[in-house]
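Heads up: numbering here begins at 1 and tracks the sequence. The figures that follow rest on heavy atoms only: side chains count, while hydrogens, waters and symmetry mates do not. Note that ligands are numbered from 1 as they come in the structure, with each ligand's atoms numbered from 1 the same way.
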Amino acid sequence: MVKICCIGAGYVGGPTMAMIALKCPDIEVAVVDISVPRIAAWNSETLPIFEPGLDEVVKTCRGKNLFFSTDVERHVAEADIVFVSVNTPTKTRGLGAGKAADLTYWESAARMIADVSKSDKIVVEKSTVPVKTAEAIEKILSHNNKGVSFQILSNPEFLAEGTAVEDLKAPDRVLIGGRETPAGRQAVEALKAVYAHWVPEDRILTTNLWSAELSKLAANAFLAQRISSINAMSALCEATGADVAEVAYAIGKDSRIGSRFLNASVGFGGSCFQKDILNLVYICECNGLIDVANYWKQVVQINDYQKSRFVQRVVSSMFNTVSGKKVAVLGFAFKKDTGDTRETPAIDVCNGLLGDKALLSIYDPQVTEQQIRRDLSMNKFDWDHPQHLQPLNLNDSVNSVQVVKDAYEATKDAHGLCILTEWDEFRKLDYQKIYDQMQKPAFVFDGRNVTNVEELRKIGFIVYSIGKPLDAWVKDLPSSA
Ligand SMILES: NC(=O)C1=CN([C@@H]2O[C@H](COP(=O)(O)OP(=O)(O)OC[C@H]3O[C@@H](n4cnc5c(N)ncnc54)[C@H](O)[C@@H]3O)[C@@H](O)[C@H]2O)C=CC1
Ligand SMILES: O=C(O)[C@H]1O[C@H](OP(=O)(O)OP(=O)(O)OC[C@H]2O[C@@H](n3ccc(=O)[nH]c3=O)[C@H](O)[C@@H]2O)[C@H](O)[C@@H](O)[C@@H]1O
């Protein structure tokens, strides 16, 4: 029986390995992690991540051919194929700080693999890593002195959170990069055979190592660039009276552009877009490609602009101050159908409003109060370390934040309401009831375009919705400081 071990039981390691176990009953899969609570949660009734459909997949295989364990070394030693899916945060200090990937966790995993291995292994990069990481990992692995040989493959993951199970069941493509040597090709074939249990062969792409590593960064950069492009247009729509949803629909009808991923928003979030683009920028700079680096940097800059533009709209609309005013925040996760808050635009928007001394009342159906308080206190990039290693200093402004159990409680007596995540339930709220219990004038700031602006205006709200024709009240106010 082929044995697979995956180091890192996170948003990628957990679901991808569960899918391999489900589709390959002849393979034994162990997912290991240094985090004891995380592994305990994977072995419990309440999984550590919320992902539609995942409970069922895990419960079907757990204890049969899928195991979660903290016994990292034993499972690595026994495995034929070792996936590494650990954190690759942005460096906060030293060379490349604020841009380059911090490979500390990867390096320690590689050193441990080298130390404990007694049989040949295929080592698979599942984490998103800078181009040429495989070369560095090979160097570390080659220090194993027990005559063990390692083949390193790049097999980046393209799943999106909230749709991970569907993405893994029917991926657009699986990408495998390997060395162009007989042993390298053999390793590629071995991994291909795993995916071939359920992925059609024409969707399994094989390339050299560097193409696979770079394709992952390029895919995220292209996706994020589409969002920054439509968000840049949203500012122009507000200035001209165009409607960004109509513009997106019109351009998306061109089959060369395509209709997906053109929803204007308060900004993209998530653990990877910003981190991977900054990493790409750093690689370009290291290769002397300054113009290329600056091009990609703009994607992140427009995203920051979009978030601060939103805060300015809120503050300027509410008579230039939100100090002491209750503002309801609906949605904190970085997108719907996930409890993940990593790099969520809600953090920057909430911190912007707290900076102006707003009294925030936050509701999200999947994010805990503890998580929200941690996020609002965390330094930039600290979130991307294993949770037990994250520094935690709750700051004072977070004391004025209330976290509540539903949208009606959040909006009671509020002056304004900000929608920051596109949860389906926010489309169906009783906005008349909300209006009746809010202070007047009552403001709605829809950062996800989930509300019907005309209906809200009929109720009596003053409404700002990203990229939509402006309310007469908002139109006459400055759009940026
Ligand atoms: N979250 C996502 O949707 C996607 C993430 N990625 C990439 O996958 C990688 C992992 O991301 P996530 O799963 O989201 O991160 P995560 O933070 O959810 O999981 C990483 C896990 O690795 C563990 N870990 C760190 N060092 C370890 C070590 N030496 N030994 C054992 N366990 C260790 C941590 O405790 C943590 O549980 C990152 O490189 C990310 O860029 C790629 C595609 C999608
Ligand atoms: O490498 C990764 O981590 C993953 O990053 C993204 O997946 P994810 O971040 O989970 O979610 P997306 O659906 O891509 O959304 C990212 C952000 O963009 C925002 N978004 C997305 C689409 C859109 O049209 N508008 C928009 O503002 C979302 O609300 C969210 O904040 C990619 O879609 C995955 O292919 C990739 O594997």
Legend entry - ring-ring contact (aromatic ring centres under 6.0 Å, His included) partners for F268, two or more places apart: F273

Inset, instruction - Output the list of atoms in ligand 1 that are nearer than 4.0 Å to some heavy atom of I7, sorted by atom number. - result: 30 (N), 31 (C), 32 (N)

Inset, instruction - Quick one: sort the W423 and F50 rings into parallel, tilted or perpendicular, breaks at 30° and 60°. - result: tilted

Inset, instruction - Could you label the plane-to-plane angle of the Y464 and F445 rings as parallel, tilted or perpendicular, counting under 30° as parallel and over 60° as perpendicular? - result: tilted

Inset, instruction - For K216, counting its heavy atoms only, list the atoms of ligand 1 lying under 4.0 Å from any of them. - result: 43 (C)

Inset, instruction - Using a strict cut-off of 4.0 Å, indicate which atoms of ligand 1 neighbour a heavy atom of C272. - result: 4 (C), 5 (C), 6 (N), 40 (C), 41 (O)

Side-chain atoms of residues 73-83: list all donor-acceptor pairs with protein atoms under 3.5 Å, sequence neighbours left out, distances to 0.1 Å.
residue: R74; atom: NE; partner: D71; partner atom: OD2; Å: 3.1
residue: R74; atom: NH1; partner: E78; partner atom: OE2; Å: 3.4
residue: D80; atom: OD2; partner: K3; partner atom: N; Å: 2.7

Inset, instruction - Report, in ascending order of atom number, the atoms of ligand 1 lying under 4.0 Å from any heavy atom of G10. - result: 13 (O), 16 (P), 18 (O), 19 (O)

Legend entry - Salt bridge present between D424 and K336 (N-O < 4.0 angstrom): yes

Legend entry - Option nearest atom 40 (C) of ligand 1 (shortest heavy-atom distance, choices E157, R342, K275): K275

Legend entry - Heavy-atom proximity to atom 7 (C) of ligand 1, best of I39, T128, T338: T128

Legend entry - The one among L159, V86, V12 that brings a heavy atom closest to atom 27 (C) of ligand 1: V86

Inset, instruction - List every atom of ligand 1 that sits less than 4.0 Å from any heavy atom of S108, numbering the atoms from 1 in the order shown and giving each element. - result: 29 (N)

Inset, instruction - Look at K99 together with E285 and state whether they make a salt bridge at an N to O cut-off of under 4.0 Å. - result: yes

Legend entry - Best match, T70, V31, I34: closest heavy atom to atom 33 (C) of ligand 1: I34

Inset, instruction - Could you tell me whether E125 and K216 make a salt bridge, using a distance below 4.0 angstrom between a side-chain N and a carboxylate O? - result: no

Inset, instruction - Cation-pi check, R62 to F68: give yes when NZ or CZ is under 6.0 Å from the six-membered ring centre and within 45° of the ring axis, no otherwise. - result: no

Legend entry - Check ion pair E107-R111 (N to O, under 4.0 angstrom): yes

Legend entry - For the student: nearest non-hydrogen atoms of T421 and G331, plus distance: OG1-C, 3.1 Å

Legend entry - N87 N/O to ligand 1 N/O under 3.5 Å: yes

Tabulated below should be the N or O atoms of ligand 2 paired with protein N or O atoms at under 3.5 Å; can you produce that?
residue: ligand 2; atom: 1 (O); partner: K216; partner atom: NZ; Å: 2.7
residue: ligand 2; atom: 1 (O); partner: N220; partner atom: ND2; Å: 2.8
residue: ligand 2; atom: 10 (O); partner: E161; partner atom: N; Å: 2.7
residue: ligand 2; atom: 11 (O); partner: K335; partner atom: NZ; Å: 3.1
residue: ligand 2; atom: 13 (O); partner: K335; partner atom: NZ; Å: 2.8
residue: ligand 2; atom: 24 (O); partner: L262; partner atom: N; Å: 3.3
residue: ligand 2; atom: 24 (O); partner: N263; partner atom: N; Å: 2.8
residue: ligand 2; atom: 25 (N); partner: N263; partner atom: O; Å: 2.8
residue: ligand 2; atom: 27 (O); partner: S265; partner atom: OG; Å: 2.6
residue: ligand 2; atom: 29 (O); partner: F334; partner atom: O; Å: 3.4
residue: ligand 2; atom: 29 (O); partner: R448; partner atom: NH1; Å: 2.7
residue: ligand 2; atom: 31 (O); partner: G269; partner atom: N; Å: 2.9
residue: ligand 2; atom: 31 (O); partner: F334; partner atom: O; Å: 2.7
residue: ligand 2; atom: 35 (O); partner: F158; partner atom: O; Å: 2.7
residue: ligand 2; atom: 37 (O); partner: E157; partner atom: O; Å: 3.4
residue: ligand 2; atom: 37 (O); partner: F158; partner atom: O; Å: 3.2
residue: ligand 2; atom: 37 (O); partner: L159; partner atom: O; Å: 2.7
residue: ligand 2; atom: 37 (O); partner: K216; partner atom: NZ; Å: 2.9

Inset, instruction - Enumerate the atoms of ligand 1 whose separation from the nearest heavy atom of S271 is less than 4.0 angstrom. - result: 1 (N)

Inset, instruction - Go through the structure and list residues passing side chain to side chain donor-acceptor pair (under 3.5 Å) with Y195, not counting sequence neighbours. - result: K126, N155

Legend entry - Main-chain N/O of G270 paired to R342 side chain as donor or acceptor, under 3.5 Å: no

Legend entry - Contact (N/O only, under 3.5 Å) between K126 and ligand 1: no

